[in-house]
A.B. asks: 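Have a look at this one before I ask anything.
We use all heavy atoms of the structure for the numbers below, so side chains are in, but hydrogens, waters and symmetry mates are not. So that the names make sense, note that chain A is the first sequence line, chain B the second, and so on, each numbered from 1.
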2 protein chains.
Amino acid sequence: MDKQDRPRRPTISDVAAAAGVSPKTVSRVINNEPGVRAELADQVLAAVSKLGFRRNTMASSLRSGGQTATIGLIIEDLANPFYSTIAATVANIARTHDTHLITVSSEENPELEQRQFLQLCQRRVDGMIIVPAGSDHSYTRPEVEMGMRMVFLDRPPSGILADSVVIDNAAGARAGIVDLLKDGHRRIGVVIDSPVIYTARERLAGVRSALAEAGIPYDDALVRVGVTNPDEAAHAVATMLDGVDPPTAFFTGNNRSTIGAIQELYRRDSDAALLGFDDFELATLMPRPLTVIAYDVQELGRAATLRLFERIGGDTSWPSETVIPTHLVQRGVQLLKS
Amino acid sequence: MDKQDRPRRPTISDVAAAAGVSPKTVSRVINNEPGVRAELADQVLAAVSKLGFRRNTMASSLRSGGQTATIGLIIEDLANPFYSTIAATVANIARTHDTHLITVSSEENPELEQRQFLQLCQRRVDGMIIVPAGSDHSYTRPEVEMGMRMVFLDRPPSGILADSVVIDNAAGARAGIVDLLKDGHRRIGVVIDSPVIYTARERLAGVRSALAEAGIPYDDALVRVGVTNPDEAAHAVATMLDGVDPPTAFFTGNNRSTIGAIQELYRRDSDAALLGFDDFELATLMPRPLTVIAYDVQELGRAATLRLFERIGGDTSWPSETVIPTHLVQRGVQLLKS
DNA sequence: TTGAAAGCGCTAACAT
DNA sequence: ATGTTAGCGCTTTCAA
């Protein structure tokens, strides 16, 4: 009789006893099933609010064998605005389906991703949206065969056939480079993330294809690979500018790198052109001109989430690949004055 | 026998049958309980991996009556970097407790917040971290009495006694204004969010206290209240600058307003001083000088999460209020060249 | 060391 | 219109 004991939550039976009805009747009332006399229903409702009863979602979904009204989202890093925008979009759509969202970060670590995936399976989420970190997702196959639905976001799956929503990385990068070439640039410094990341590979491929088409030889001295944060990007830009025959323009493969490049170019008062993949909110306040390869991040998240709910709703059609287009946008604070 | 039927996941009984043991033995093995012959355990493990068994977390926690290894986070808007930083911090700490995080947005809507809170209760989360939107949280009391733990973040609770972690809003704003006064400013434009929001009230109180102490009368013409986004902030700054006897300095009450103010001040080439509450990642690249009232956002999230897990761990001490300090930092891209 | 029986809180399937 | 029984997948309790 310790008063520190957490009081047990009332169950459906407690409510039934208090209302003088059977548990099944309570169940009917709280689930709005038809066929309960209004008078009885009122008694039940009164008991519910008197006892502070709240139906146990887990018990309910266990018995009815259906959905848990939960989906999972596996991303690299929730603190990155790109991913938090996606998480917010997914959560908002999930809410319209009365579904909760569990978000986990894999930190670009394939093993962690796999652990997280399996844990979400144990939790019996109704489906998952995955930004894949590794390059082999055959480990998901048994779960898929047992009914787990998943949609891959931003990067396609490998070793498994599944829905995916990606952006048009190669075409976007290609268009950006073509633009630089049109302005007369012939030496373009390239700063890009590790090639183990799909988007980095694709973007670099876009760059190379544009250069090749223009007959410009690919110069290894102008490419820095494996750059993962702004400081490394700033350093990469610095060393290229300090080299012989420095670039007159730079391409940065993601928003983190773009920020590092802006820092370095501004510090040096360099007038090199800058082309960055990914738009970002404060791009309009950056202290120098730049062009960004932009796309609708929310649309990326929306398309993936809608696809997932189609699957959860029973869609068994052949897996689809959705590609979100990109476009070039001029940024930089100088535009505010024009 | 429709092949479209999603195959049922194997249960503990299926594994038991396949391994020729009882369900309880399987349970012992998968929970690492002692007292199972190694040989038997191996049989069980073999059956587990052959069938692709994954223990159903919900069934498990239902029966053992304990925790669900899930916590909830109620914030205003996951797309806002302030909140996504907090969500990332909370999720990371939760992971060290093998706990999943469900994040929901209340969009500054008290009714939505309440609905979300009750839904998380129905899910039997082990606890919640709440950035309260409304001004009355007595509705949480029945749940707290039945064992729900919660910690309030960034804003204190009302109508209920609970742990909270907030920042030192008034002192931070006060220190910032004192700084402006020291530089000789006497007319300071104030741009602040709706006073229904605790942080806005506190920050405005800090401003007023600093002004009062310096013997400067509070001028309503220099205060814009209810500003919720950058555009409104830019407009507020514009109208004050266009007024008679315009301010020589501005105080903006949060990062959104600060951004709007920067836009407007930059556009006009105004040399008015700017003091903004909240630091933000790209503050170092803003095209004009500003001072920010900074604090450790991650520490805010960390302190709240640690407190919550203490509660979940059984701590029943008197509710605590943790206050995170602030400090002034110079920002703006011009610092990069010095 | 192993297993049988009961039950967590709820609902499906069947009475009445 | 209401109630009874059984059982979701697991673990507790207790017996062997």
Side-chain angles (χ1 to χ4, degrees), chain A residues 6-45 47-48 51-69 119 121-126 146-147, chain B residues 6-45 47-48 51-69 119 121-126 146-147:
Chain A
R6 292 171 61 198
R8 209 176 50 95
R9 294 203 69 115
T11 71
I12 227 176
S13 308
D14 298 326
V15 174
V21 299
S22 80
K24 177 67 215 188
T25 298
V26 176
S27 173
R28 285 193 178 98
V29 172
I30 63 182
N31 291 302
N32 289 313
E33 283 175 36
V36 179
R37 221 166 5 114
E39 191 189 349
L40 259 199
D42 286 347
Q43 287 176 40
V44 170
L45 259 15
V48 162
L51 298 181
F53 169 83
R54 309 244 169 250
R55 164 156 124 285
N56 184 327
T57 306
M58 324 238 304
S60 165
S61 90
L62 176 61
R63 175 62 244 232
S64 40
Q67 320 282 93
T68 57
Q119 276 176 9
C121 287
Q122 300 201 165
R123 221 163 252 268
R124 303 295 190 265
V125 296
D126 299 331
M146 290 190 286
Chain B
R6 290 171 62 197
R8 211 177 49 95
R9 293 204 68 116
T11 71
I12 227 175
S13 308
D14 298 326
V15 174
V21 298
S22 80
K24 177 64 219 190
T25 297
V26 175
S27 173
R28 285 194 178 98
V29 172
I30 63 182
N31 290 301
N32 288 313
E33 284 175 35
V36 179
R37 230 175 347 125
E39 192 190 348
L40 260 199
D42 286 346
Q43 286 175 40
V44 170
L45 258 15
V48 162
L51 298 180
F53 170 82
R54 309 246 169 248
R55 162 155 126 285
N56 184 327
T57 306
M58 324 236 305
S60 164
S61 90
L62 175 60
R63 176 61 245 235
S64 43
Q67 320 281 93
T68 57
Q119 276 176 8
C121 287
Q122 299 200 166
R123 221 162 251 268
R124 303 294 190 266
V125 295
D126 299 331
M146 290 191 286

A.B. asks: Measure the CG-CG distance between B/Leu62 and B/Asn56 for me, rounded to the nearest 0.5 Å.
C.D. replies: 9.5 Å

A.B. asks: Below the 4.0 Å mark, does C/dG3 have OP1 or OP2 next to a side-chain nitrogen or oxygen of B/Ser22?
C.D. replies: yes

A.B. asks: Can you measure A/Ile12 atom CD1 to C/dC8 atom C1' for me and round it to whole angstrom units?
C.D. replies: 13 Å

A.B. asks: With distance as the sole test, does B/Asp126 use its side chain to make a donor-acceptor pair with the main-chain N or O of B/Ala69 at under 3.5 Å?
C.D. replies: yes

A.B. asks: What is the distance, rounded to the nearest whole Å, between atom CD of A/Glu39 and atom P of D/dA1?
C.D. replies: 14 Å

A.B. asks: Expressed as a whole number of angstroms, how long is the span from A/Gln43:CD to D/dA1:P?
C.D. replies: 16 Å

A.B. asks: Roughly how many Å is it from CD in A/Gln67 to C1' in D/dC8, rounded to a whole number?
C.D. replies: 15 Å

A.B. asks: Check this for me: does any side-chain nitrogen of one of B/Asp14 and B/Arg9 sit under 4.0 Å from a carboxylate oxygen of the other?
C.D. replies: no

A.B. asks: Want to settle it: does B/Gly35 or A/Met58 sit nearer the 5' end of DNA chain C, counting the closest nucleotide to each?
C.D. replies: B/Gly35

A.B. asks: Check A/Val36 against A/Ala41 and note the closest heavy-atom contact, atom names and distance.
C.D. replies: CG1-N, 4.0 Å

A.B. asks: Can you see if the side chain of B/Asn56 gets near the phosphate of D/dC8 - specifically, an N or O under 4.0 Å from OP1 or OP2?
C.D. replies: no

A.B. asks: So if I take every side-chain heavy atom of A/Glu33 and compare against C/dA12, D/dT13, C/dG9, which nucleotide ends up nearest?
C.D. replies: C/dA12

A.B. asks: Nearest-Å distance, CD1 (A/Ile30) to P (C/dG9)?
C.D. replies: 13 Å

A.B. asks: Picking from D/dT2, D/dC10, C/dG3, which would you name as closest to the side chain of B/Phe53?
C.D. replies: D/dC10

A.B. asks: Between C/dA12, D/dG3, D/dG9, which nucleotide gets closest to the side-chain atoms of A/Val21?
C.D. replies: D/dG3

A.B. asks: Of the nucleotides D/dC8, D/dG3, D/dT11, which one has an atom closest to the side chain of B/Ser27?
C.D. replies: D/dT11

A.B. asks: Is a donor-acceptor pair below 3.5 Å formed from side chain A/Arg28 to base D/dG3, judging by atom type as modelled?
C.D. replies: yes

A.B. asks: Quick one: does A/Arg63 reach the base of D/dG7 with a side-chain donor-acceptor pair under 3.5 Å?
C.D. replies: yes

A.B. asks: Check whether any side-chain nitrogen or oxygen of B/Arg54 sits under 4.0 Å from OP1 or OP2 of D/dG9, and answer yes or no.
C.D. replies: no

A.B. asks: Closest approach to the side chain of B/Ser64, judged atom by atom: which nucleotide of D/dT11, D/dC10, C/dG9 is it?
C.D. replies: D/dT11

A.B. asks: Whole angstrom is fine here: how far is it from CZ in B/Arg9 over to C1' in D/dC8?
C.D. replies: 15 Å

A.B. asks: Between A/Leu62 (CG) and C/dG7 (C1'), how many Å, whole number?
C.D. replies: 12 Å

A.B. asks: Write down the distance between NZ (B/Lys24) and C1' (D/dC14), rounded to a whole number of angstrom.
C.D. replies: 11 Å

A.B. asks: Please determine, for the side chain of B/Arg37, which listed nucleotide (C/dT1, C/dT11, D/dT11) has the closest atom?
C.D. replies: C/dT1

A.B. asks: Check A/Val48, A/Leu45, A/Val44 against A/Phe53 for a side-chain contact (heavy atoms from CB on, under 4.5 Å) and give me the one that passes.
C.D. replies: A/Val48

